[in-house]
Amino acid sequence: MLQSRTHNCGELRIANAGEKVKIVGWMENVREVSASLAFVVVRDFYGTTQVVADTEALVKSFREINKESTILVEGVVRERSSKNPQQTTGDIEVVPEKLEVLGRCRYNELPFQINHSREADEATRLKYRYLDLRNPEVKNNIILRCNVVSALRKSMTDHGFLEITTPILTASSPEGARDYLVPARNHPGKFYALPQAPQQFKQILMTSGFDRYFQIAPCFRDEDARADRSPGEFYQLDMEMAFAGQDDVFSVLEDVLPPIFAQYGIYNTASAAPFKRIGFNESMELYGSDKPDLRIGLTLRDFTEIGASCGFGPFEGSIVKAVVVPEFTQTRKFIDQLCTDVEVQTGEKTFWFRLDENGELVGGISKFLAEKKDAVIAALDLKPGCFVGLAAGKKLTALKTAGVLRKMLGNSVEGLMDREKYEFCWIVDFPMYEMGEESGELEFCHNPFSMPNGGLEVLNKAESGEVDPLTITAFQYDLVCNGVELSSGAVRNHDPEIMVKAFELVGLGEAEVMAKFPAMYNAFCYGAPPHAGIAPGVDRMVMLLAGEDSIREVIPFPMNKNAQDVMMNAPSEVEDKQLKELHIKLVSE
RNA sequence: GGCCCAGUAGUUCAGUUGGUUAGAACGCCAGCCUGUCACGCUGGAGGUCGACGGUUCGAGCCCGUUCUGGGUCGCCA
């Protein structure tokens, strides 16, 4: 039977030469140099070690073992006669005295080559995730995730926060995302729901007197996936503070995150406290996004006045926003690709023209602007060599489209961004209400439980018509880093009176508050502390730190886009008996 | 649910204007090779071109439908 290894595959050095050792691991590769000389690479979690087979019999033994089998090699460490300085174990090799196969790999051909698994088809990678994870490049992201989570825990604990777990089986919440439901066996017709976030529990903890709470919390939302959004489940660094406001929350995260980003990220600088604060409206005007990448040195310009009257059809009656890139040298092909890419992402057309080196308006829609050349140059402050990208539509559409244009230009044109850093910012002063596009009535913009800026007074004024409710802002904030929305948070509305008033403005009242959030509302009626919190997404943070574009690269066992686990075959059908116990009858379509 | 892109050997891809027996690299198998480390050299096996239908003398290529995967919009308080 196997006795423990004496060393792992990453630790043997020249100083170990002469020692008798026992190593175990996966047989990664065999390089046969002759019938009586071969080099075998053994890999474990820690690294790789070279084993040398220098007799015909040994070469034959290794030959009979399929790659990726697990083996045990007992032997003597020897200095290599030709060293490899690129490997930490490159000075030595193990000369085997005993070889044992511990776990045979039955297949001589794998679904993909381990060290190239990242190039393989994603569906195949996910199906054989256990092989994919053998690839050090894949595995290292998971290790990074462990280290980051561990560092976050330590820092939060050091800041006086208690980690408290909250229920996974809980009640369905009527608003927000679609719930995952779990049928209750002992309560026919009733369901538990998996929490979309521990939101209500953490606020209730505040009313119970816990001063500083956090949790690496699993959250479940039955919504469609994106490259940066895992379907089904994800993790948040969920936190809440009692007797605290926006600045208190900001200063905790400004203290916790930058050192962790600088230590574990691919870039080793992160913005220092305090992070830049940008109002929601200002962010939309300047960057065309509520999650701006501040590393990109471009801001949007307004071009409505000239655009709307220049005779170019798509601009008539529209708001027009411009992105100006100085000293632009890209080709026409690049510009066409850019416009196509923006349209794919936004569904909106984009337009362009240039001011060439001779000071002439050329390309794109320039002929519509020729008559107003001087006004165009003045309005956009153009210099020869400038490229101007344009987006038009209703105000929000024009801003968002121009925002995508800005981001793509920043990412693809050399010299427009200082990429090698983490640039945080807070987006603050989100509107409390918005006009529903379908209903045409006033609705909550984000969650209804943020504290309105101005409290009861401003809500009363809105009710009496003194204040336009659309101008009321909430103590609601987002944390953004390099164009990625890491987190949403808020100062909560802990006052039942203000809460009811906030609901009354959208045509609801105490009955609805109590019906939708009974536990939290009742708890607030017994003396609640003012409190505030936030919940940065762990997966998103690790993605940024690892420099990955797909969230699946930082999740150990990710689901595919359609919320299926193709390795475990989930979701799957269940036995009739199980359904019967749960009082469920399947209806065929 | 809408839109965009992709699907050819185990893997990653190429495949010209529709025209003979569909190619390459890596991997796999066999042989050679005594210091490799992305070992090298020689040879070999391996294909329902996602599926179905259509156009055509002839389809990997053109058209239609459909399936699968990814991206995106909707959605994600």
Side-chain angles (χ1 to χ4, degrees), chain A residues 28-42 48-56 59 63 66-68 78-87 89-91 93 107-128 131-132 173-179 196-197 199-200 219-232 234 340-348 397 400-401 404 430 432-434 437-438 443-450 474 476 485 488 490 492 506 516-517 535 537 549-552 560-562 564 566:
Chain A
E28 182 173 288
N29 194 15
V30 180
R31 289 186 288 269
E32 272 185 71
V33 178
S34 81
S36 57
L37 181 66
F39 300 95
V40 180
V41 181
V42 182
T48 58
T49 293
Q50 174 168 298
V51 171
V52 62
D54 54 4
T55 67
E56 210 162 307
V59 171
R63 224 182 184 198
N66 279 339
K67 286 183 194 175
E68 292 303 318
R78 178 168 86 183
E79 182 177 358
R80 290 195 201 179
S81 62
S82 57
K83 299 184 177 53
N84 184 347
Q86 266 141 25
Q87 284 179 328
T89 60
D91 287 347
E93 61 198 3
Y107 308 96
N108 53 13
E109 216 156 10
L110 303 173
F112 43 75
Q113 289 162 257
I114 300 296
N115 283 333
H116 295 274
S117 71
R118 285 177 59 111
E119 295 152 33
D121 173 59
E122 197 169 29
T124 313
R125 291 178 64 192
L126 294 184
K127 181 174 179 188
Y128 296 95
L131 295 180
D132 190 26
S173 87
E175 296 199 17
R178 200 176 288 117
D179 278 325
Q196 296 179 25
Q199 187 69 29
Q200 294 189 69
C219 304
F220 305 89
R221 295 178 192 173
D222 186 2
E223 296 295 347
D224 290 344
R226 289 289 182 278
D228 63 350
R229 201 168 81 201
S230 191
F234 59 97
T340 305
D341 288 346
V342 174
E343 190 177 348
V344 165
Q345 202 170 113
T346 63
E348 299 292 328
T397 304
K400 283 183 173 176
T401 308
V404 172
F430 278 83
M432 182 87 185
Y433 298 102
E434 65 186 350
E437 280 194 14
E438 283 177 22
E443 293 174 356
F444 286 113
C445 201
H446 288 271
N447 83 61
F449 294 103
S450 302
Q476 164 102 33
E485 181 192 326
S488 266
R492 319 298 175 186
V506 297
K516 288 181 173 181
F517 302 92
D549 291 326
S550 164
I551 203 157
R552 292 181 290 277
N560 68 9
K561 194 201 167 196
N562 300 317
Q564 294 166 304
V566 290

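Here the structure is a predicted model, which means the values were calculated and not measured.
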* **Out of B:C75, B:C28, B:G10, whichever nucleotide has its closest atom nearest the side chain of A:R229** => B:C75
* Criterion salt bridge (charged side-chain N to carboxylate O under 4.0 Å, His left out) on A:D132 and A:R552, from CA distance to verdict -> CA-CA 12 Å; A:D132 190 26; A:R552 292 181 290 277; over 6 Å; no
* Base, sugar-phosphate, or nothing for A:Q50, non-hydrogen atoms under 4.0 angstrom? -> base
* Which part of the nucleic acid, if any, lies within reach of A:E93 when heavy atoms closer than 4.0 Å are counted: base, sugar-phosphate only, or nothing? -> base
* **Listed partners of A:R118 passing side-chain contact (heavy atoms from CB on, under 4.5 Å), at least two apart** => A:R125, A:N135, A:E137, A:V138, A:N141, A:E548, A:E553
* Asked: Under 4.0 angstrom, heavy atoms only, what part of the nucleic acid is A:K83 near: base, sugar-phosphate, or nothing?
  -> base
* Report yes if some heavy atom in the side chain of A:R492 is under 4.5 Å from a heavy atom in the side chain of A:Q199; otherwise report no. => yes
* Please determine if a side-chain N or O atom of A:K67 lies less than 4.0 Å away from the OP1 or OP2 oxygen of B:G27. => no
* Asked: Side-chain N or O of A:S34 less than 4.0 angstrom from OP1 or OP2 on B:U34?
  -> yes
* Which nucleotide in B:C33, B:C75, B:C37 has an atom nearest any side-chain atom of A:R226 -> B:C75
* Asked: A:E348 CD to B:C3 P: how many Å, rounded?
  -> 16 Å
* **By ring pair (Phe, Tyr, Trp, His ring centres under 6.0 Å) - contacts of A:F444 (at least two apart)** => A:Y433, A:F503
* Paired with B:C62: which nucleotide, if any, by Watson-Crick or G-U wobble criteria at under 3.5 Å for both distances? -> B:G54
* How far, in whole Å, is B:C63 from B:A6 if one measures between their P atoms? -> 12 Å
Would you tabulate the side-chain donor-acceptor contacts of residues 29-41 of chain A under 3.5 Å, counting partners in other chains and residues two or more places apart, or write 'none'?
| residue | atom | partner | partner atom | Å |
| --- | --- | --- | --- | --- |
| A:N29 | OD1 | A:K67 | NZ | 3.2 |
| A:E32 | OE1 | A:R63 | NE | 3.4 |
| A:E32 | OE2 | A:R63 | NE | 2.9 |
| A:S34 | OG | A:S36 | N | 3.0 |
| A:S34 | OG | A:L37 | N | 3.2 |

* Apply side-chain contact (heavy atoms from CB on, under 4.5 Å) to A:S488 and list each qualifying residue two or more places apart in sequence or on a separate chain. => A:Q476, A:D478, A:E485
* Structure fact -> Contacts of A:R63 and A:D54 projected onto RNA chain B by closest heavy atom; the upstream (5') one is A:R63
* Asked: A:R492 CZ to B:A77 P: how many Å, rounded?
  -> 13 Å
* **Nearest-Å distance for atom pair CD/C1', residues A:Q113 and B:A25** => 10 Å
* Asked: With a non-hydrogen cut-off below 4.0 angstrom, is A:N108 in contact with a base, only sugar-phosphate, or nothing?
  -> sugar-phosphate
* Is the distance from OP1 or OP2 of B:C39 to the nearest side-chain N or O of A:N29 less than 4.0 Å? -> yes
* To do: Pick base, sugar-phosphate or nothing for A:E119, based on heavy-atom distances below 4.0 Å to the nucleic acid.
  => sugar-phosphate
* Provide the Watson-Crick or G-U wobble partner of B:C3, both distances under 3.5 Å; none if there is no partner. => B:G71
* Start at the 5' end of RNA chain B and walk down; is the nucleotide closest to A:E109 or to A:K400 reached first? -> A:E109
* Within the structure shown, what part of the strands sits under 4.0 Å from A:F39 by heavy-atom distance: base, sugar-phosphate, or nothing? -> base
Collect all protein-nucleotide pairs involving nucleotides 66-70 of chain B in which both atoms are nitrogen or oxygen and the distance is under 3.5 Å.
| residue | atom | partner | partner atom | Å |
| --- | --- | --- | --- | --- |
| B:G69 | OP1 | A:Q564 | OE1 | 3.3 |
| B:G69 | OP2 | A:N562 | ND2 | 3.0 |
| B:G70 | OP1 | A:K561 | N | 2.9 |
| B:G70 | O3' | A:R552 | NH2 | 3.1 |

* Give a yes or no on whether A:E434 atom CD has more than 12 heavy-atom contacts from other residues, nucleotides or ligands under 6.0 Å away. => yes
* A:R31 side chain, from C-beta outward: closest of B:C39, B:U72, B:A77 -> B:C39
* Touch class at under 4.0 angstrom, heavy-atom based, for A:Q196 against every strand present -> nothing
* Structure fact -> For A:I551, the side-chain contact (heavy atoms from CB on, under 4.5 Å) test, sequence neighbours excluded, returns A:S230, A:D539, A:M543, A:V554, A:I555
* Rounded P spacing from B:C41 to B:G27 in Å -> 11 Å
* Asked: Hey, does the side-chain of A:R80 have a donor or acceptor N/O within less than 3.5 Å of a partner on the base of B:C37?
  -> yes
* Take the protein atom CD of A:Q86 and the nucleotide atom P of B:A38, then report the distance between them rounded to whole Å. => 7 Å
